[in-house]
A.B. asks: 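Here it is, the structure, as C-alpha cells.
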Amino acid sequence: MINIMLTCSAGMSTSLLVLHMQDEAKKRGLEANIWAVSETTVKKEYAEKQIDCILVGPQVRYLMNQVKTQTENSIPVELIDMRTYGMMDGKKALDQALKAIENWKK
C-alpha cells in the first residue's frame, strides 16, 4: 500500500486532484491511499498515519520548508507543478509521487 498525502490551504482544492490520482492508481492496479488535508493538519496527520510522500499544492509553496521540518525530512515532500495542478492531471501527480518515493529509497 502506498500512502500519498496532499496538502493545500484548506485541503479542498486538492480534493479533485486526489480523485484523479485515485482513478489513475486504480487503472494501474496500484494499491494507493491518497488523501488531502489542510496545511494546518500536516503535523498531526504525519504523527498518526503512515505516509510515503507528501505533495504540496503550488498555492502554498511557501510551506515547503515547514512541511519538511514537520516530517523531520524523513519522507519525500514535493511541490506539485503549477501546470499539473491547474490541469488536475492525476496521472502526472501520481507519477511525481511515485518517482519521489522511488528516489527517496535509493
Side-chain angles (χ1 to χ4, degrees):
M1 175 68 73
I2 299 168
N3 297 297
I4 303 167
M5 185 174 77
L6 282 69
T7 187
C8 67
S9 295
M12 299 303 289
S13 59
T14 53
S15 296
L16 184 56
L17 183 56
V18 165
L19 292 174
H20 291 285
M21 290 174 71
Q22 289 170 338
D23 288 345
E24 183 62 28
K26 285 178 189 172
K27 286 179 190 174
R28 297 181 190 189
L30 293 175
E31 287 188 47
N33 183 23
I34 306 168
W35 72 101
V37 299
S38 72
E39 50 93 9
T40 59
T41 60
V42 169
K43 189 173 185 176
K44 181 179 184 286
E45 290 281 315
Y46 175 75
E48 294 176 355
K49 297 180 180 176
Q50 170 65 39
I51 301 171
D52 297 305
C53 179
I54 297 176
L55 296 181
V56 177
Q59 71 275 36
V60 292
R61 70 173 38 88
Y62 61 90
L63 294 173
M64 286 290 293
N65 287 334
Q66 179 182 331
V67 173
K68 288 178 180 180
T69 300
Q70 289 174 341
T71 62
E72 301 168 351
N73 288 312
S74 61
I75 60 171
V77 176
E78 296 264 326
L79 180 66
I80 303 170
D81 175 72
M82 182 77 88
R83 183 178 177 110
T84 300
Y85 191 86
M87 299 295 290
M88 291 290 145
D89 191 332
K91 181 184 182 308
K92 284 188 180 178
L94 182 61
D95 286 344
Q96 179 180 2
L98 295 175
K99 183 176 180 182
I101 292 165
E102 179 182 323
N103 289 339
W104 190 264
K105 291 179 180 179
K106 289 183 180 178

A.B. asks: Would you say the side chain of Tyr46 lies within less than 4.5 Å of the side chain of Ser74, judging by non-hydrogen atoms?
C.D. replies: yes
A.B. asks: Write down the atom of Ala32, the atom of Ala25, and the distance for their closest heavy-atom approach.
C.D. replies: CB-CB, 4.0 Å
A.B. asks: Which pairs, with at least one residue in residues 88-104 and sequence neighbours excluded, count as a side chain to side chain donor-acceptor pair (under 3.5 Å)?
C.D. replies: Arg28-Asp95, Glu78-Gln96, Lys91-Asp95
A.B. asks: Applying side-chain contact (heavy atoms from CB on, under 4.5 Å), run through Ile75 and Ile101 and close with a yes or a no.
C.D. replies: CA-CA 8 Å; Ile75 60 171; Ile101 292 165; over 6 Å; no
A.B. asks: Could you measure the distance from the OG atom of Ser15 to the NE2 atom of His20? Nearest 0.5 Å is fine.
C.D. replies: 11.0 Å
A.B. asks: In the single-linkage hydrophobic clustering (I, L, V, M, F, W, Y; side-chain heavy atoms under 4.5 Å), do Met87 and Met82 co-cluster?
C.D. replies: no
A.B. asks: What residues form a side chain to side chain donor-acceptor pair (under 3.5 Å) with Glu31, not counting sequence neighbours?
C.D. replies: none
A.B. asks: Is it true that a side-chain atom of Thr7 and a backbone atom of Val37 form a donor plus acceptor pair closer than 3.5 Å?
C.D. replies: yes
A.B. asks: Quick one: list whatever passes side chain to side chain donor-acceptor pair (under 3.5 Å) with Thr40, sequence neighbours left out.
C.D. replies: Ser38
A.B. asks: Using a 4.5 Å cut-off on heavy atoms from C-beta on, say whether the side chain of Leu19 contacts that of Ile34.
C.D. replies: no
A.B. asks: Taking the side chain as every heavy atom from C-beta outward, state whether Val42 and Met5 have any pair of such atoms under 4.5 Å apart.
C.D. replies: yes
A.B. asks: Which pairs would a plain distance check flag for residues 62-70, meaning a side-chain donor or acceptor within less than 3.5 Å of a matching protein atom at least two apart in sequence or in another chain?
C.D. replies:
{"residue": "Thr69", "atom": "OG1", "partner": "Asn65", "partner atom": "O", "Å": "2.9"}

A.B. asks: About how many Å separate CG of Leu17 and OG1 of Thr84, when rounded to the nearest 0.5 Å?
C.D. replies: 8.5 Å
A.B. asks: Looking at CD of Glu39 and OG of Ser9, how far apart are the two atoms once the value is rounded to the nearest 0.5 Å?
C.D. replies: 6.5 Å
A.B. asks: Which atom pairs, one a donor and one an acceptor, fall under 3.5 Å between side chains of residues 48-59 and the rest of the protein, sequence neighbours left out?
C.D. replies:
{"residue": "Glu48", "atom": "OE1", "partner": "Lys44", "partner atom": "NZ", "Å": "3.3"}
{"residue": "Glu48", "atom": "OE2", "partner": "Lys44", "partner atom": "NZ", "Å": "3.3"}
{"residue": "Lys49", "atom": "NZ", "partner": "Glu45", "partner atom": "OE1", "Å": "3.0"}
{"residue": "Gln50", "atom": "NE2", "partner": "Asp52", "partner atom": "OD1", "Å": "3.4"}
{"residue": "Asp52", "atom": "OD2", "partner": "Asn3", "partner atom": "N", "Å": "2.7"}
{"residue": "Gln59", "atom": "NE2", "partner": "Ser13", "partner atom": "OG", "Å": "3.0"}
{"residue": "Gln59", "atom": "NE2", "partner": "Tyr85", "partner atom": "OH", "Å": "3.2"}

A.B. asks: So which heavy atom on Ala97 is nearest to which on Ile4, and how close?
C.D. replies: CB-CD1, 3.6 Å
A.B. asks: Considering residues at least two apart in sequence or located in another chain, which fulfil the side chain to side chain donor-acceptor pair (under 3.5 Å) criterion with Asp23?
C.D. replies: none
A.B. asks: Provide the closest heavy-atom pair for Met21 versus Ala93 in the form atom of the first, atom of the second, distance.
C.D. replies: SD-CB, 3.7 Å
